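Below is one structure, written out as structure tokens; comments come after it.
The model shown is predicted, which means the values in this text are computed figures rather than measured ones. Chain identifiers are assigned alphabetically (A, B, ...) following the order of the sequence lines, protein sequences preceding nucleic acid strands; residue numbering begins at 1 within each chain.
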Amino acid sequence: MDLYEYQGKELSRRYGIPVSEGRLATTPDEARAAAEELGGQVVVKAQVLTGGRGKAGGIKLAEGPDDARAKAEQILGLDIRGHVVRKLWIERASEIAKEYYLSITFDRGAKKPLLMLTTQGGIDIEEVAEKSPEALARLHVDPLEGFQPYQARRLIYGAGIDDPNEQKQVLALVGKLYEAFVGCDAMLCEVNPLIVTPQGEVKALDSKFSVDDNALYKHPEIAEMRDLDAAPAEERAAREKGVTYVKLDGEVGILGNGAGLVMSTLDVIALAGGRPANFCDLGGGGDAQGVVDALEVIGADPQVRSIFFNIFGGITRCDEVARGILQALDRMTIEHPIVVRLDGTNAEEGREILAEASPPNLHAEPTMLEAAGRAVEFAR
Amino acid sequence: MDLYEYQGKELSRRYGIPVSEGRLATTPDEARAAAEELGGQVVVKAQVLTGGRGKAGGIKLAEGPDDARAKAEQILGLDIRGHVVRKLWIERASEIAKEYYLSITFDRGAKKPLLMLTTQGGIDIEEVAEKSPEALARLHVDPLEGFQPYQARRLIYGAGIDDPNEQKQVLALVGKLYEAFVGCDAMLCEVNPLIVTPQGEVKALDSKFSVDDNALYKHPEIAEMRDLDAAPAEERAAREKGVTYVKLDGEVGILGNGAGLVMSTLDVIALAGGRPANFCDLGGGGDAQGVVDALEVIGADPQVRSIFFNIFGGITRCDEVARGILQALDRMTIEHPIVVRLDGTNAEEGREILAEASPPNLHAEPTMLEAAGRAVEFAR
Amino acid sequence: MAIIVDNETRLVVQGLTGSEGSFHGTRNKRYGTNVVAGVTPGKGGQDVDGIPVFDTVADAVAETHANTSMIFVPARFAADAIYEAVDAGIRTVICIAEGLPAHEMLRIYAYIRPKGVTMLGPNCPGALSPGKANVGIIPAEIFSPGSIGLVSRSGTLTYQIGHELTQLGLGNSTIVGIGGDPIVGSSFVDVLEKFEADDETEYVVMVGEIGGEEEEKAARFIEAHMTKPVVAYIAGFTAPPGKTMGHAGAIISGSSGTAEAKKRALEACGVRVGTSPTEVARLAADVAGAHA
Amino acid sequence: MAIIVDNETRLVVQGLTGSEGSFHGTRNKRYGTNVVAGVTPGKGGQDVDGIPVFDTVADAVAETHANTSMIFVPARFAADAIYEAVDAGIRTVICIAEGLPAHEMLRIYAYIRPKGVTMLGPNCPGALSPGKANVGIIPAEIFSPGSIGLVSRSGTLTYQIGHELTQLGLGNSTIVGIGGDPIVGSSFVDVLEKFEADDETEYVVMVGEIGGEEEEKAARFIEAHMTKPVVAYIAGFTAPPGKTMGHAGAIISGSSGTAEAKKRALEACGVRVGTSPTEVARLAADVAGAHA
């Protein structure tokens, strides 16, 4: 679960990481009031769960309350990489002498947290990693050892931070960020830029936190931060129904059980010359309600022209899925042709159930490849 | 550093371990007031850093405020195994249906914390361990794994606690005690007895915490709990001067550098037919002030009849020690004969310095055995 | 011989009395797996379909000499269950349970690795050595005994490919689902190493998917250390960048970890890569035929 | 060969620029120890008596191929220093620093043990292989090269016994101070094992003291695994029960851990125990004479 900048800063503050004071605003008037409270110059920052806000015009300096109101009006409603700005973070403006970059990520390959620090902050970290890898200090933390101050020192010397006053502040900050990383069950804690003010103060000017969904039960206060309105409407609907759904651009609606099989189904549709309309995983279930829920979500996509129902029974039993499909078709009207492929546990029984009922727009195929071809044909 | 029951209970409470409500009292009137505040039956408990309080009459039930005052009068001033009672813990009386024992100790052999639980609490745990070892459930915790609930379950099933309601409470309590053990850098956390009330409530009726001196810098609030008045006066004086001193029963005062060498010196004195008056370790130092401080402490013991100064120079240089001895004898008057053995780094120079000055009551000997024999002779 | 589970497996099921635990535990037993014990705290002394239940894994190991554990407890008790198994001397842990926090799994991995414990999962379908033992939720009826080792990050995709192999008359030594979580107990390399050493395995089919770099590492391992032929399949060629496709493992970051990149890495190391489950099965049949 | 430190030792001193670190570091160097580097954060680029100083141990290892570290930093930085050394690839850590919290040392021990790192201390005098290398604060002039391995929990007591050995014309292969803290990196058994395997060591003198059970474990190890003769000394026969005698290690609990109990345990395993430093030196001379 990704957090907004203002939420990440709230967590940062809890762990003692220095951030600027700010206020949340959802209207120009609130932005004005926030600027008034904060006093002086403020920065009006779009809160969206994507990068590139600055270039998209989502971050603006305001001279005072009225200016903040004006800037808020410009930013609210902006579409930044498909994310519409509905919230603003108004914060006291900082003078910036230097921009660094600091992050802790989950390195799945090494199976260890990875610390990264560079003095070339503010820009794309992949670019730094590629163009001047020696400028990016990297160090893994052994999870049993935990954070030790020497790790921060190695980063600091490695990145070439040589002012003792900065060193001291960054040393403390790395330790606190690691505490936050572990304490919040984060998969990513990124500070970009980590700034040094002309007065030599080190501060987190941005904050990107991503928290492990599986650990949210331990952190109800973070779980509550989830912005249900941030996801596209159809994905939201799917989530509410416990279905994993990702909207794509094509015409063949896809439904399967298991993420790997569904991904493979997408590929096979493409091989057959079609374009998948979505990724939709029923998971281990496949009962009538699950099928209804999934079909509702897929059917609501106006681009969909056919539906491919690809089930390989393991725990999921094909006869149950077949019954689920029939019940779903009873309860709702699906205009599109549905191609069904059933294999694995109780596949025979499942196919018989479907053959017996033989609903008009339902087409059974024996193999995944053949079924994919048929679904693509229907979508043409 | 050992803590009093009331201090251990304060820490227990911080970690969510259920304890009875109580008040500290140092006079009978305070005890009366405490009983009044608490209401009902109270227990008046001597606060001393030793066991066997109950048998020594240091724990008494009181029916109400007046009775509490009377019981406090009886207990204050008691000598329990050499510890004079100066503080009382007045706590609300508990009904006791069962008495268990729970502890976490530092197992130096296994280099792991050791959990122990038995339903035969309230008495000497060594007795249980010896007479019915099967009743004492024991389990080590891997320090990198940390506490896991299964460990508490193994203890609970191992000790034969079979009431599900008790199991649940003990499970939680073991986890909290382990948190306290790690969180306070404790060397020992012992709850004896851990009681079950007739209503099925599990509660820590006593609390014994011992905290690692080396870790006190992390826990200033625990460091402040040290009762400077609890140690014998001479040990207190030594501690203030940074000298490790333990009072013993004999007549030969002993001073050396390094705990191992001093212990060995005690043994050699005994072999020579004498009795050591103390253990006194100068540590790595040996400068004039250290020698003065140590001699002052040893000289204040009326039983001392001779002093054996046994130095083996390593980091400590014998010439410095010799100068220290001379300066000390300048600054203070020592009536007793002093036998000095110097060896190791700069021993020659040290011996020459002493020979040159040759103070009247100072006797140099070439070996540890000869010096011990001489010191014992002088003490006769 | 086979790998991970076989005739030597003595299985304890942690969470045997739960609905999933009892369903799959008894199913594994009926398949012929030597299921010697179950563990559910507080239910020691009971039995499930004749399988004795103990309060602790230590008790189960002491009484039944269990050497392998299958974990079927709710996510928030799974870490505790894994530690309990390992500390009780269990050498192979197969964690079907899903939803373990990644930080917990990070610590578990670091803890068990130096002890030489073999772990599959979390969030994995288990391991099946046809004709010998089935530990987990893999539908055994799809597979037949044979000489192909099959290793996969995905459940149903594995079944699909196994099904295609079976239809071509090819059997398996062991089918291993390593699980799709960010941190799992065994990587492709770990399992490939075991297949290379296994005398019943002659060829290997590896089923990967987008995200991470485990397939790339496997490619380098195959080139450097494997004498047995390996064919591969990668799912997710059409997955758009930056979208999460269900498996936490299947997150693309930047250009690395794409199906295309993985395919190239594998082919560069001499591994033939199929573009559909059907094609990879045919490749496997080719290889088997060529070596037959 | 000798053990722990020898001609192969390439020493980095953590805390070299401090007063104690520089005093003993340069002293060790003058003895002939190959002191290749020092580490003090923020002082990289400086030198101490010609020994280059680095900001991190990783830098020192990269530049100088240091393989052994001596730790001379204040107690509250010592755990960090140990982790830094081990993670930088140092294989032998000798921690002279004292005052480490026991819980920290507990975690360090569990962390470094599976990595095969050799550690002495904390709160130890170090190790000296006469004529080869001296790492720590042992006064080398007391000792001469020879075939007796000497291992001890105590500093000055070791010097005393070494002195007595030297006066009897006996030399040492290596003198090892394991430290007196509750948890130390190497036990008697660890060091005895190394002496048994060392071709320069022919006899061993072990110097124990009251508290703990390491001497008892050593006794069992000697009986089961050692071919070389061992004589022992135990300090603390007259220490009263329940009193702390300076070393945290020297706490008596119950009747176990007393000097008498340790003596009996050792004698039961065929180890002769002297009652004074002088007597143990004579016993060693006897043994050496008998084997000469």
Under a 4.5 Å heavy-atom cut-off, does chain B meet the side chain of [X], its backbone, both or neither?
X: Thr275(D); answer: both
X: Arg27(D); answer: neither
X: Ile138(D); answer: neither
X: Leu100(D); answer: backbone
X: Val207(D); answer: neither

Practice prompt. Apply side chain to side chain donor-acceptor pair (under 3.5 Å) to the pair Tyr245(B) and Asp293(B), showing each step before the final yes or no.
Written response: CA-CA 11 Å; Tyr245(B) 175 92; Asp293(B) 290 344; over 6 Å; no

Heaviest contributor of heavy-atom pairs below 4.5 Å to chain B, chosen from Arg107(D), Glu213(D), Arg113(D), Glu20(D), is Arg107(D)

Interface check, chain B: of Ala75(D), Ser187(D), Gly208(D), Ala110(D), most non-hydrogen pairs under 4.5 Å belong to Ala110(D)

Contacts of Thr105(B) meeting side chain to side chain donor-acceptor pair (under 3.5 Å) (sequence neighbours excluded), chain-then-number -> none

Q) Do Glu214(D) and Arg108(B) meet the salt-bridge criterion of a basic N to acidic O distance under 4.0 Å? A) no

Discussion item. One thing to verify: whether Arg282(D) and Glu279(D) come together as a salt bridge, which I'm taking to mean a side-chain N less than 4.0 angstrom from a carboxylate O.
Written reply: no

Taking [X] for its side chain and [Y] for its backbone only, find out whether a donor-acceptor pair lies under 3.5 Å.
X: Lys262(D); Y: Gly212(D); value: yes
X: Thr33(D); Y: Asn134(D); value: yes
X: Arg351(B); Y: Leu342(B); value: yes
X: Asp212(B); Y: Ala102(D); value: yes

Salt bridge (charged side-chain N to carboxylate O under 4.0 Å, His left out) pairs touching residues 252-277 of chain B, sequence neighbours excluded, are Glu251(B)-Arg275(B)

Worksheet item: Taking the six-membered ring of Phe221(D) as reference, does the NZ or CZ atom of Lys217(D) fall below 6.0 Å from its centre and within a 45° cone about the axis?
Response: no

Checked Ile311(B), Asn214(B), Ile269(B), Asp185(B) vs chain D; the most non-hydrogen pairs under 4.5 Å come from Asn214(B)

Of Val268(B), Asp343(B), Leu216(B), the largest count of non-hydrogen pairs under 4.5 angstrom with chain D goes to Asp343(B)

Taken in chain and number order and not counting sequence neighbours, the residues that satisfy salt bridge (Lys or Arg N to Asp or Glu O under 4.0 Å) with Arg272(D) are Asp286(D)

Residues 156-166 of chain D vs chain B, non-hydrogen distance cutoff under 4.5 Å, contacting residues -> Thr156(D), Leu157(D), Tyr159(D), Gln160(D), His163(D)

The interface call for Val182(B) against chain D, heavy-atom contacts under 4.5 Å, is both

When the 4.5 angstrom heavy-atom criterion is applied to Lys112(B) and chain D, the contacting part is backbone

